[in-house]
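What you are looking at is a predicted structure, and each value in this text was computed from that prediction instead of being measured. Here is the naming used below: chain letters follow the sequence lines, and residue numbers restart at 1 for every chain.
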Amino acid sequence: MYALVDGNAFYVSCERVMDPKLEGRPVIVLSNNDGCAVARSNEAKALGIGMGDPYFKVKHLERSAGLIALSSNYALYGDMSARVLEVLRRYTPRVEPYSIDESFLDWSGVELGGLRDLAAASRAAVRKWTGIPTCVGIGKTKTLAKVANKLAKKALPAAEGICLLAGPELQELLAALPVGDVWGVGPATAAKVQALGVSTAEDLRRLDRRLARQVLGVLGQKIVDELNGLSCMPLEEVPPPRKSLAVTRTFGRGVEQWEGVSEALVAFTSRAGEKLRGQGLVASYVRVFLNGDRFGPTDGYFSRSAGVSLPQPSGDTGVLVAAAVSAGQQLWQPGRVCRRAGVVLDGLYPAAIAPAGLFGEGDGPRRQALMAAVDGLNRKMGAGTVGLAGAGIAGRRVWATTSAKRTPCYTTRWTDLPAVRA
DNA sequence: TCTGGGGTCCTAGGACCC
DNA sequence: TCTGGGGTCCTAGGACCC
């Protein structure tokens, strides 16, 4: 059996561990750029705030209902996530960290009768040692464990955050779950299967697997199989090596000039290069995309992307920037209003094993030393201290991000340690 | 005024090769 | 008269996830 353990309103819970005054109050954590709500306390959900609701639409609740909105603090959440993992590993060595707030556990050796107690014990331990409340879903496959977790959430607090999806009531429970709540079934897939008369998870389980393959592709077939208890997604204890890395931003307003777009591409690529080198990687492919305003009039919307293969995998910002700007130039069309752009580095290798050219081309030692010096300065003196020319002037950048309500890095920065008065 | 960002996987079509 | 077919690789785009 698999278990899926996930933190309830994880980001909000992390903030509450550090600031107990947030308990019992409507709290949301905002996405990057303070754009929309990505985590909501139960009190915030009760105010009618939905997942992904834009901040400007719920801001009025700060005054009228005591809503507290916080910028996201990934240093804190990442650290809390590692602590939760550490506790879970005491309950089985077979753990797959799935996202910052979710892990799959392999409990295949455990007897059916003992699963609920084990779930309760691990849940209590996580709460005790990290302060994070969780829900545990248990099922025969990962997909069923995800379903069970969703059911455990819906049944809070009555079911005490645990749902064991097995036995005769399984079909009944699946029948109560809309098909769109199944892991891997998004809006497009839900619409497709609804045309076939499938509206619940139970309907999907009964769908002919060949039909699922035909209509939904291999992924759809896997989902149907997994709902039927046939495991096709093994536990991945070791995370696979990263394949791509991106820096993307929505601009504060539309950009109509190529100069503005190219400044953004230089800045994004510089940041992407830092991330790349920080992980000891090199990239072999640089892709750029430009988008219009997805909330604007539909006839003005556009979405284009183009990529450039590098002759040699590189971690050199100069090489990456040249590629990104040339890809951007291919995409740019005068008269279009650009609202979002991004740089994606693909085909990543560890720098140490990157294939060298026949004549030893690639990033030379002098360029590597330069990049190391630039990264060192930016780490020490603050992001953006040194960089390539062409990234625009700070303060006039339309892609500047805001995080006006960020809490301190309580657990990862000495100067931000919380003070305790006794 | 104000609507996120960073990932993965799959598919389809074209280029190319034999 | 009658002009192959199968494989791989690359790229762009779609869908989904958190």
Side-chain angles (χ1 to χ4, degrees), chain A residues 4 6-7 9-11 28-39 49-60 69 71-72 74 77-78 81 97-104 142-143 146 149-150 180-193 213-223 232-233 236 239-254 268 271-272 275-276 279 284-296 302-309 327 330-331 339-348 398-399 401-404:
Chain A
L4 180 77
D6 89 326
F10 183 68
Y11 297 170
I28 57 173
V29 173
L30 302 170
S31 63
N32 284 339
N33 223 5
D34 290 351
C36 42
V38 290
I49 300 176
M51 184 65 178
D53 277 2
Y55 178 41
F56 74 88
K57 283 191 180 169
V58 299
K59 197 175 190 328
H60 65 96
S71 302
S72 34
Y74 289 103
Y77 313 149
S81 175
Y98 174 65
S99 76
I100 195 164
D101 72 326
E102 287 175 64
S103 294
F104 286 104
K142 280 185 176 179
T143 302
K146 283 284 276 189
N149 183 274
K150 188 143 280 190
D181 280 1
V182 175
W183 191 35
V185 178
T189 305
K192 270 190 205 165
V193 294
R213 172 73 178 86
Q214 198 187 320
V215 179
L216 307 175
V218 291
L219 231 59
Q221 188 177 48
K222 274 190 184 178
I223 292 171
C232 348
M233 304 179 188
E236 291 177 19
R242 170 199 290 275
K243 293 183 170 168
S244 73
L245 175 163
V247 176
T248 71
R249 292 284 177 279
T250 298
F251 302 145
R253 56 182 158 79
F268 297 175
R271 177 71 192 116
K275 285 194 195 175
L276 187 70
Q279 298 176 38
S284 34
Y285 194 77
V286 181
R287 191 172 44 244
V288 165
F289 68 80
L290 304 180
N291 290 168
D293 181 357
R294 68 193 168 108
F295 299 102
F302 70 100
S303 170
R304 297 169 47 107
S305 83
V308 170
S309 280
Q330 286 176 46
L331 295 175
R339 195 58 201 281
R340 195 165 96 91
V343 173
V344 184
L345 305 183
D346 251 319
L348 308 187
V398 293
W399 63 88
T401 55
T402 53
S403 50

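At a threshold of 4.0 angstrom between heavy atoms, the contacts of A/T189 are confined to the sugar-phosphate backbone, with no base atom among them. Residue contacts shown for A/K59 are absent, as no nucleic acid heavy atom lies under 4.0 Å away. If you check every strand for non-hydrogen atoms under 4.0 Å, A/L30 touches nothing. Nucleic acid contact class of A/G252 (heavy atoms, under 4.0 Å, all strands): sugar-phosphate only. In this structure, A/K222 reaches neither bases nor backbone, as no heavy-atom distance under 4.0 Å exists between it and the strands shown. As judged by a 4.0 angstrom heavy-atom cut-off over every strand, A/K192 is placed among residues making no nucleic acid contact. Across all strands, A/P240 comes closer than 4.0 Å to no nucleic acid atom at all (heavy-atom distances). Residue A/V344 is classed as having no contact, given no heavy-atom separation below 4.0 Å to the nucleic acid. Using a 4.0 Å heavy-atom cutoff across all strands shown, A/D34 reaches no nucleic acid atom at all. At the heavy-atom level, A/F289 lies nowhere under 4.0 Å from the strands shown. At a threshold of 4.0 angstrom between heavy atoms, the contacts of A/Y98 are confined to the sugar-phosphate backbone, with no base atom among them. As judged by a 4.0 angstrom heavy-atom cut-off over every strand, A/V29 is placed among residues making no nucleic acid contact. Here A/S72 lies out of heavy-atom contact (under 4.0 Å) with every strand.
When all heavy atoms of A/R304 and A/L331 are compared, the pair lying nearest together is NE-O, 3.3 Å. The two atoms that bring A/G347 and A/S284 nearest to each other are O-OG, 2.6 Å, heavy atoms only.
Looking at A/K275, its side chain does come within 3.5 Å of a backbone N or O of A/A246 through a donor-acceptor pair. With hydrogens and angles disregarded, no donor-acceptor distance shorter than 3.5 Å links the side chain of A/S71 to the backbone of A/D34. Although no hydrogens or angles enter the test, the distance criterion places no donor-acceptor pair under 3.5 Å between the side chain of A/D181 and the main chain of A/K150. The main-chain N or O of A/L30 is found under 3.5 Å from a side-chain atom of A/S72 such that the two form a donor-acceptor pair.
For the pair A/S31 and A/R213, both in contact range of DNA chain B, the more 5′-proximal nearest nucleotide belongs to A/S31.
Every residue two or more places apart in sequence or in another chain was checked for a side-chain hydrogen bond (donor to acceptor under 3.5 Å, both in side chains) with A/N33, and none qualifies.
Taking the six-membered ring wherever Trp is involved, the centroid distance between the rings of A/F289 and A/F302 does not fall below 6.0 Å.
With the 3.5 Å cutoff on both pairing distances, Watson-Crick and G-U pairs in DNA chain B assemble into runs of at least 3 at B:5-18 with C:5-18.
You can see that DNA chain C meets the heavy atoms of chain A within a 4.0 Å-exclusive cut from C/dT11 to C/dC18, reading 5' to 3'.
Nucleotides C/dG4 and B/dC16 are separated by 15 Å at their C1' atoms, to the nearest Å.
Annotation: side chain of A/V308 is in contact with side chain of A/Q330 (closest heavy-atom distance under 4.5 Å). A/V193 is not listed as a side-chain neighbour of A/V215, based on a closest heavy-atom distance of 4.5 Å or more.
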